[in-house]
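Structure first, commentary second.
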Amino acid sequence: MKRELFKTADGSMTIHLPDINEQYHSKHGALQEAQHVFIKMGLQHLVTQSKDKNIAILEIGFGTGLNCLLTYFEALKLKLNIDYVGVEAYPISSNEWKAMNYGSLLEKEEATQVFENIHVAEWDKRERIVESFSLKKEEKKFENINENSVFNLIYFDAFGARVQPELWTETIFEIMYNALKPKGVLVTYAAKGSVRRAMQAVGFTVERLEGPPGKREMLRATKSVG
Ligand SMILES: C[S@@+](CC[C@H](N)C(=O)[O-])C[C@H]1O[C@@H](n2cnc3c(N)ncnc32)[C@H](O)[C@@H]1O
């Protein structure tokens, strides 16, 4: 499918898919959205709930690597050890990731280098970005995830239900539920009632939270039982 570069309202880049009129991030601000939905409502929340500094994260839709980059810096700040798995069936090209301006926007000297390290890391192999942050980018479909009780946190960042309704179903949320450890948390930018009900149907406890700029609400689902 055709992919184009697109600058969002906070100045950060994303990828636009003209054939289906969908973006990898919110047009209101890719960086702001990722920081709010995944870092603040996901990672920071989890850290306040548990004293465990070892956190295994599964990202649904590795895409540009923005969530991974933000997680890296948040983990350094909070002194966390992260094992990160990013699942992606259609990796972007080096020309595309080089056009993403996240490194320069983060105002951290080493951000551009870290972003490059994340992208040059081999696929389907666990790599250490630094001692406290390991990354495994898995080139496969979400439908083929079959881990059981492995992850503390899932960043559910698939394309919207309008374009990929099959990814917002009980079948997929059951895969996510199984992949999480007890008390594990899934966060997503989506807020639709049908999505919330599909999560609840597989056993999640779901909260509606304030959304990122430009969006009223988002969802956080917790695996409340073992
Ligand atoms: C919203 S974008 C992800 C954005 C990403 N988290 C980021 O920060 O750039 C959704 C991603 O899911 C991938 N994708 C779509 N369908 C998939 C599937 N069935 N299995 C695996 N990846 C899929 C797309 O290629 C795309 O990269």
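For ligands, and for the atoms within them, numbers begin at 1 and follow the listed sequence.
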*asked:* Heavy-atom contact check, 4.0 Å cutoff: does Tyr155 meet ligand 1?
replied: no
In this structure, atom 5 (C) of ligand 1 is nearest to the protein heavy atom Gly61 O, 3.0 Å
Among non-hydrogen protein atoms, atom 25 (O) of ligand 1 lies closest to Glu88 OE2, 2.6 Å
message = Counting only nitrogen or oxygen atoms and a 3.5 angstrom limit, does Ile60 reach ligand 1?
response = no
> Does at least one non-hydrogen atom of Val87 fall below 4.0 angstrom from an atom of ligand 1?
Replying inline: no
Atom 16 (N) of ligand 1 has as its nearest protein heavy atom Gln164 NE2, 3.1 Å
* To do: Give a yes or no answer on whether the side chain of Arg220 reaches the backbone of Thr188 with a donor-acceptor pair at less than 3.5 Å.
  => no
In ligand 1, the atoms that come under 4.0 Å of a heavy atom of Glu59 are 5 (C), 6 (N)
ask   = Going hydrophobic residue to hydrophobic residue with side-chain gaps under 4.5 angstrom, can you get from Leu58 over to Tyr90?
value = no
Near Thr64 (heavy-atom distance under 4.0 Å), the atoms of ligand 1 are 7 (C), 8 (O), 9 (O)
Is a side-chain donor or acceptor of Lys223 paired with a backbone partner of Tyr177 at a separation under 3.5 angstrom?
yes
Near Lys141 (heavy-atom distance under 4.0 Å), the atoms of ligand 1 are 20 (N), 21 (C)
Checking Met41, Glu217, Glu33 against Tyr189 for side-chain contact (heavy atoms from CB on, under 4.5 Å), the one that qualifies is Glu33
the protein heavy atom lying closest to atom 17 (C) of ligand 1 turns out to be Phe142 CE1, 3.4 Å
Open item on the list: Tell me whether the rings of His16 and Phe6 are parallel (<30°), tilted (30 to 60°) or perpendicular (>60°).
Closed with: tilted
Q: Classify the side-chain pair Ser50/Asp52 by whether it contains a donor and acceptor separated by less than 3.5 Å.
A: no
Atom 1 (C) of ligand 1 has as its nearest protein heavy atom Asp157 O, 3.2 Å
Geometric class of the Phe62/His119 ring pair [parallel <30°, tilted 30-60°, perpendicular >60°]: perpendicular
ask   = Does Ala89 reach ligand 1 with a nitrogen or oxygen that is under 3.5 Å from one of the ligand's nitrogen or oxygen atoms?
value = yes
Do Lys108's NZ or CZ and the ring of Phe73 fall within the cation-pi criteria of under 6.0 Å and 45°? yes
If you scan protein heavy atoms around atom 19 (N) of ligand 1, the nearest is Glu143 OE1, 3.2 Å
Ligand 1 atoms nearer than 4.0 angstrom to some heavy atom of His25 are 7 (C), 8 (O), 9 (O)
What do the steps show when you test Thr64 against Tyr102 for side-chain contact (heavy atoms from CB on, under 4.5 Å), and what is the final call?
CA-CA 10 Å; Thr64 63; Tyr102 310 136; 3.7 Å; yes
